[in-house]
Amino acid sequence: TLAVTTLSRLARGAKVNLPNSRGITPLMWASAFGHLPMAELLVHTGANVKATVPESYTCDLPDCTFKTALEAAQMNGHPDIVALLKKSGA
């Protein structure tokens, strides 16, 4: 599964907060697309719940106006992820 693959990569040294070329972190992706197990895994392995997207990013997600994982979850209708992020300090 995706969570197992991600956990394996994290165990081998992948950086949990490393954004892609557009400034989107793995937690932002999981939040935007509603992947709760992935969001939980990322939060529990140290993802920055307060990370923000740079002003200059190019959009490739469902709603391009968010700047944080919390906003991504809110704008895309994922209340379970919203709750997780708020509980985690977002």
Side-chain angles (χ1 to χ4, degrees):
T1 68
L2 182 59
V4 171
T5 301
T6 301
L7 188 55
S8 175
R9 288 179 181 166
L10 290 171
R12 291 187 312 237
K15 297 184 183 342
V16 71
N17 291 308
L18 185 66
N20 66 14
S21 62
R22 295 182 174 126
I24 306 297
T25 67
L27 183 58
M28 291 173 191
W29 274 94
S31 299
F33 288 103
H35 294 288
L36 180 60
M38 181 60 61
E40 290 172 330
L41 173 64
L42 292 166
V43 167
H44 294 310
T45 56
N48 180 358
V49 298
K50 295 182 180 182
T52 59
V53 177
E55 291 295 322
S56 61
Y57 87 104
T58 303
C59 181
D60 61 354
L61 292 174
D63 185 317
C64 298
T65 60
F66 70 83
K67 292 293 181 192
T68 65
L70 179 61
E71 288 178 0
Q74 289 170 328
M75 292 176 170
N76 289 289
H78 305 298
D80 47 353
I81 296 177
V82 169
L84 168 70
L85 295 172
K86 285 184 176 182
K87 181 179 176 185
S88 301

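Residues: numbered from 1 along the sequence shown.
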Can you list, pair by pair, the side-chain donor-acceptor contacts under 3.5 Å of residues 78-90, counting residues two or more places apart and other chains?
| residue | atom | partner | partner atom | Å |
| --- | --- | --- | --- | --- |
| His78 | NE2 | Ala32 | O | 3.2 |
| His78 | NE2 | Gly34 | N | 3.4 |
| His78 | NE2 | Asn76 | O | 3.2 |
| Ser88 | OG | Leu84 | O | 2.8 |

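Remark: side-chain polar atoms of Asn48 are not paired, donor with acceptor, to backbone N or O of Asn17 under 3.5 angstrom.
Contact between Ala51 and Thr25 at its shortest, heavy atoms only, is CB-CG2, 4.3 Å. Scanning both residues, Ala30 and Leu42, for their nearest heavy atoms gives CB-CD1, 4.3 Å.
Residue Met28 holds its CE atom at 11.0 Å from CG of Leu70, rounded to the nearest 0.5 Å.
When side chains are defined from C-beta on, Val49 counts as touching Leu27, because their heavy atoms get closer than 4.5 Å.
Ring geometry, Phe33 versus His35: the interplanar angle falls from 30° to 60°, so the pair is classed tilted.
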